[in-house]
Amino acid sequence: MTHPTISASGLSLSYRGTRAVDEVSLRLERGVTGLLGPNGAGKTTLLRILATATPPDRGALTLLGHDPSTVRGRLQARRELGYLPQNPGFHSGFTAFEFVDYVAILKEHTDRRARHAEVRRVLDEVGLAEVRGRRIRALSGGMRQRVALAAALVGDPGFLVLDEPTVGLDPEQRMRFRELIAAAGEGRTVLLSTHQTEDVAMLCHRVVVMDKGRVRFDGTPGELVARARGRVWASPERSPEALAGWRTGTGEFRNVGDPPAGARLLEPTLEDGYLLTLDGASEVTV
Ligand SMILES: Nc1ncnc2c1ncn2[C@@H]1O[C@H](COP(=O)(O)OP(=O)(O)OP(=O)(O)O)[C@@H](O)[C@H]1O
């Protein structure tokens, strides 16, 4: 059995009256955990708290055995975690090498030779050895995201926080990025925020769904899919019972919701389970 490398209890953070993160408790273990949620659900805010970029208003957090509410614990935790923020803040005039080197300096890698070797290692790990001398502005979107991942991998962190790293990537680049995330998840704890339910289905051993600052689901991808079993059906026209329904390429409607008696049920996907979780979330009373 693995034991949690990250444990959070009752984390809350408000921005002028908005509860961005509301009493979130989580335990993360090795492997890739997906974090799903609609826009404004609080994902980025939660990731910022876990990456020690923003302190919570309330709650307790242990990161790789360190308590980030103390100066010493925060410094220790920062040395051992990697964060790929939604906007990595590239200086586009930098080369890939210069950018990662700059991040390595910020991460207190002071010995120049050892640092440069580390920068080469992480750029190699993400498949960018060939273009390390190229300016970031000349790289494709997929390559830029790999530069950001390389920066997060400096120092071989035990905990990796990735905020929507596959956004805007084409399918081929996304697949390539998935390979890298899966490789990064071997022997590490990775938390991956995404809008792509496919990323979660393909990569994650666990999935957390957030909405309105709260955790609405925490389990395996299979358990999320199971929530939609018996709630997806086909019909020649849109069913009035459906929460969502659309005509597919076959000409039939695919409906999600509470099926009528005798409906021809379809195999659910993770996306169906996710949508039904969000729909139920508005009814959750706390
Ligand atoms: N710096 C800030 N100042 C004020 N409100 C903020 C700030 N950052 C986030 N919020 C608010 O907190 C809530 C959660 O935002 P957050 O960015 O964490 O959500 P998200 O799930 O990451 O959304 P997205 O998927 O769109 O990135 C939203 O209502 C947002 O408007």
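Model, not experiment: these values are computed from the prediction.
Judged purely by atom type and a 3.5 angstrom limit, Arg58 has no side-chain atom pairing as donor or acceptor with the backbone of Ser12. With hydrogens and angles disregarded, a donor-acceptor distance shorter than 3.5 Å links the side chain of Arg144 to the backbone of Ile136. Checked by atom type and distance alone, the side chain of Arg216 never pairs as donor or acceptor with a backbone atom of Thr277 at under 3.5 Å. A donor-acceptor pair under 3.5 Å is formed between the side chain of Gln145 and the backbone N or O of Pro165. With hydrogens and angles ignored, the 3.5 Å screen pairs a side-chain donor or acceptor of Ser235 with a backbone N or O of Glu237. Remark: side-chain polar atoms of Asp218 are not paired, donor with acceptor, to backbone N or O of Leu26 under 3.5 angstrom. With hydrogens and angles disregarded, a donor-acceptor distance shorter than 3.5 Å links the side chain of Arg78 to the backbone of Thr52. At least one donor-acceptor pair closer than 3.5 Å links the side chain of Arg188 to the backbone N or O of Pro157. A donor-acceptor contact shorter than 3.5 Å is absent between the side chain of Glu271 and the backbone of Glu198.
What you find for Ala242 and Trp233 is that their closest heavy atoms are CA-CH2, 3.9 Å. The minimum heavy-atom distance linking Gly82 with Lys107 is given by the pair CA-NZ, 4.2 Å. Of all heavy-atom pairs spanning Phe217 and Leu224, the tightest one is CZ-N, 3.6 Å. The shortest non-hydrogen separation linking Pro260 to Glu241 is CB-OE2, 3.4 Å. Closest non-hydrogen pair, Ala60 versus Leu11, comes out as O-CD2, 3.9 Å. When all heavy atoms of Glu23 and Gly10 are compared, the closest pair comes out as OE1-CA, 3.8 Å.
By the 4.5 Å heavy-atom criterion applied to side chains, Leu61 and Pro56 are not counted as neighbours. You'll find the side chain of Asn255 reaches within 4.5 Å of the side chain of Arg238, heavy atoms only. Two residues are said to be in side-chain contact when any heavy atoms from C-beta on lie closer than 4.5 Å; Val24 and Met210 meet this criterion. Using a 4.5 Å cut-off on side-chain heavy atoms (C-beta onward), Thr269 and Thr197 make no contact. A 4.5 Å side-chain heavy-atom check between Thr194 and Val200 finds at least one atom pair inside the cut-off.
Under the 30°/60° scheme for interplanar angles, the aromatic rings of Phe99 and Phe94 are found to be tilted.
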Side chain to side chain contact (heavy atoms under 4.5 Å, CB included) between Arg48 and Thr44, worked out: CA-CA 6 Å; Arg48 285 180 58 82; Thr44 293; 4.1 Å; yes

Verdict with supporting geometry, Arg121 and Glu125, salt bridge (charged side-chain N to carboxylate O under 4.0 Å, His left out): CA-CA 6 Å; Arg121 184 188 71 78; Glu125 197 172 325; 2.9 Å; yes

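Here the NZ-CG distance, from Lys212 to Leu278, works out to 8.0 Å after rounding to the nearest 0.5 Å. The CG atom of Leu84 sits 8.0 Å away from the CG atom of Asp163 when rounded to the nearest 0.5 Å. Between Asp211 atom CG and Asp22 atom CG the span is 11.5 Å, to the nearest 0.5 Å. Expressed to the nearest 0.5 Å, how far CD of Glu223 lies from CG of Leu270 amounts to 11.5 Å.
Clustering ILVMFWY residues whenever any of their side-chain heavy atoms sit less than 4.5 angstrom apart, transitively, puts Leu149 in a cluster other than the one holding Met202. Each of Ile105 and Tyr83 belongs to its own hydrophobic cluster when Ile, Leu, Val, Met, Phe, Trp and Tyr are linked at side-chain heavy-atom distances under 4.5 angstrom. In terms of hydrophobic clustering, with Ile, Leu, Val, Met, Phe, Trp and Tyr side chains grouped at heavy-atom distances under 4.5 Å, Leu275 and Phe253 are assigned to different clusters. Transitive grouping of hydrophobic side chains (ILVMFWY, heavy atoms separated by less than 4.5 Å) keeps Val167 and Leu47 in distinct clusters.
Checking each of Thr220, Val190, Thr33 against His205 for a side-chain contact (heavy atoms from CB on, under 4.5 Å) leaves exactly one that passes, namely Thr33. Considering Arg254, Arg227, Arg231 as possible partners of Asp272, the one that fulfils the salt bridge (Lys or Arg N to Asp or Glu O under 4.0 Å) test is Arg254.
Of the N and O atoms on the side chains of Arg79 and Gln76, at least one donor lies less than 3.5 Å from an acceptor on the other residue.
Atom CZ of Arg229 sits in a crowded spot, with more than 12 heavy atoms from other residues, nucleotides or ligands closer than 6.0 Å.
The ring-ring contact (aromatic ring centres under 6.0 Å, His included) search around Tyr274 returns none, not counting sequence neighbours.
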